Amino acid sequence: MAALTRQCRQGPNMEKVPMLAEGYEKLTADLKVLRAERPKIVDAIEEARAHGDLSENAEYHAAKERQGQIEAQIADLEDKVSRAQIIDPTSLSGDRIVFGATVTVLDDADKRYRYQIVGQPEADAKVGRISYESPLGRALIGKSVGDEVEVTVPSGDRFYLVKQIDFI
């Protein structure tokens, strides 16, 4: 019961959101752009209102819908920024994979992959950044060099061997 009371006081999702400094900068830049769009939406709503009957006013309804979308995006970004825990991978060390580590793995065909474990906002597999919440990211966290990792993906099970862990 005490845990539930504490959760209600803190809100539904008060856990920290780990991210790299550049992910934090991207979130704050996106937030700034959306906040700058607010006055433009208000102006569009006022202009559409001036056209008369709101029940058949497509411009008004489109502007109100856009306002709702922007406000939801702003709320989401403000939440992430307020809970951000910025991690500097160069300050980390150890022999286990943690958030921010850059990991070299071999698949079952001995093909080499290199991934950095990052937060969801920064994840981009094309550039070798995977979320710690992704199936592979979750499987890698806590592993050491020489450990085998099994990941279940839609195409079946994949196996990887951890070859190297770097904190760069």
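Just so you know, these numbers come straight off a predicted model, no measurement behind them. Side-chain atoms are counted along with the backbone in the values below, which use heavy atoms only and exclude waters and symmetry mates.
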Student: Treating Ile, Leu, Val, Met, Phe, Trp and Tyr as nodes and any side-chain heavy-atom pair under 4.5 angstrom as an edge, say whether V145 and L140 lie in one connected cluster.
Tutor: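 Per the 4.5 Å side-chain linkage, V145 and L140 are co-clustered.
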Student: What is the distance from atom CG of L27 to atom CG of D79, rounded to the nearest 0.5 Å?
Tutor: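 These two atoms lie 10.5 Å from each other.
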Student: In Å, rounded to the nearest 0.5 Å, how long is the span from NZ of K80 to CD of E78?
Tutor: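 So the gap between those two atoms works out to 12.5 Å.
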Student: With rounding to the nearest 0.5 angstrom, report the CG to CD distance, D108 to E150.
Tutor: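 D108 atom CG to E150 atom CD measures 10.5 Å (nearest 0.5 Å).
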Student: Hydrophobic clusters here meaning ILVMFWY residues chained together by side-chain heavy-atom distances under 4.5 Å, can you tell me if L161 and Y113 are in one?
Tutor: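 Different clusters: L161 never reaches Y113 through Ile, Leu, Val, Met, Phe, Trp or Tyr contacts under 4.5 Å.
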Student: Determine whether more than 12 heavy atoms belonging to other residues, nucleotides or ligands lie under 6.0 Å from atom CD of E148.
Tutor: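 For E148, atom CD is not crowded (no more than 12 foreign heavy atoms under 6.0 Å).
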Student: Could you grab the distance from atom CZ of R38 to atom CD1 of I70, nearest 0.5 Å is fine?
Tutor: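 R38 CZ to I70 CD1: 9.0 Å, rounded to 0.5 Å.
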Student: Between I45 and A63, which heavy-atom pair has the shortest distance, and what is it?
Tutor: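 Nearest heavy atoms, I45 then A63: CG1-CB, 3.6 Å.
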Student: Please answer: with hydrophobic residues joined when any side-chain heavy atoms are less than 4.5 Å apart, are F167 and V162 in the same cluster?
Tutor: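 Yes.
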Student: Under 3.5 Å, which donor-acceptor pairs do the side chains of residues 85-92 form with other protein atoms, sequence neighbours left out?
Tutor:
residue: D88; atom: OD1; partner: T90; partner atom: N; Å: 3.1
residue: D88; atom: OD1; partner: T90; partner atom: OG1; Å: 2.7
residue: D88; atom: OD2; partner: T90; partner atom: OG1; Å: 3.0
residue: S91; atom: OG; partner: D88; partner atom: O; Å: 2.7

Student: Look only at the side chain of R138 and the backbone of E133, and say whether a donor-acceptor pair between them is shorter than 3.5 Å.
Tutor: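 Yes, because the side chain of R138 sits within donor-acceptor range (under 3.5 Å) of the backbone of E133.
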Student: Answer yes or no: is there a side-chain heavy-atom contact under 4.5 Å between I117 and I130?
Tutor: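 Sidechains of I130 and I117: in contact.
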Student: Go through the structure and list residues passing side chain to side chain donor-acceptor pair (under 3.5 Å) with S131, not counting sequence neighbours.
Tutor: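 So S131 forms a side chain to side chain donor-acceptor pair (under 3.5 Å) with Q120.
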Student: Counting only heavy atoms not in E65, do more than 12 fall under 6.0 Å of its CD?
Tutor: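 Open.
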Student: Closer than 4.0 angstrom, basic N to acidic O: yes or no for E37 and K40?
Tutor: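 The answer is no: the pair does not qualify as a salt bridge.
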Student: Compare every heavy atom of R96 with every heavy atom of G142, then report the nearest pair and how far apart it is.
Tutor: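 Heavy atoms of G142 and R96 come nearest at O-NH1, 2.7 Å.
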Student: What closest approach, in Å, do Q116 and G100 show between heavy atoms, and which atom pair accounts for it?
Tutor: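 Here Q116 and G100 meet closest at NE2-O, 3.2 Å.
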Student: Quick test of your reading: applying ring-ring contact (aromatic ring centres under 6.0 Å, His included), list the pairs with at least one residue in residues 121-160, sequence neighbours left out, ordered by first then second residue.
Tutor: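 Listed once each, the pairs are F99-Y132.
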Student: Rounded at 0.5 Å granularity, tell me how far CD in Q69 sits from CD1 in I41.
Tutor: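 Going from CD on Q69 over to CD1 on I41, the span is 9.0 Å.
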Student: If you group Ile, Leu, Val, Met, Phe, Trp and Tyr by side-chain heavy-atom gaps below 4.5 Å, do V118 and V105 land in one group?
Tutor: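 Yes, V118 and V105 fall within the same hydrophobic cluster.
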Student: Does anything in residues 64-94 pair up under ring-ring contact (aromatic ring centres under 6.0 Å, His included), and if so which pairs, sequence neighbours excluded?
Tutor: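 The answer is none; no pair qualifies.
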Student: Any side-chain heavy-atom pair from I97 and D147 closer than 4.5 angstrom?
Tutor: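 The answer is no, as the side chains (C-beta and beyond) never meet within the 4.5 Å cut-off.
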Student: List the residues meeting side chain to side chain donor-acceptor pair (under 3.5 Å) with T104, not counting sequence neighbours, and say none if there are none.
Tutor: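 Partners of T104 by the side chain to side chain donor-acceptor pair (under 3.5 Å) criterion, ordered by chain and then number, come out as R114.
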Student: For E122 and L20, indicate whether the former's side chain and the latter's backbone hold a donor-acceptor pair under 3.5 Å.
Tutor: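 Yes, the answer is positive, given that a donor and an acceptor are paired below the 3.5 Å cut-off.
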Student: Is it true that V151 and I141 fall in one hydrophobic cluster, defined by side-chain heavy atoms closer than 4.5 Å?
Tutor: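 Hydrophobic grouping puts V151 with I141.
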Student: Considering all heavy atoms of both residues, which atom of A101 and which atom of I165 are nearest to each other, and what is their separation?
Tutor: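 That would be CB-CG2, 4.1 Å.
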Student: According to the salt bridge (Lys or Arg N to Asp or Glu O under 4.0 Å) rule, which pairs have a member within residues 20-34, sequence neighbours left out?
Tutor: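 Salt bridge (Lys or Arg N to Asp or Glu O under 4.0 Å) check on residues 20-34 returns E22-R129, K26-D30.
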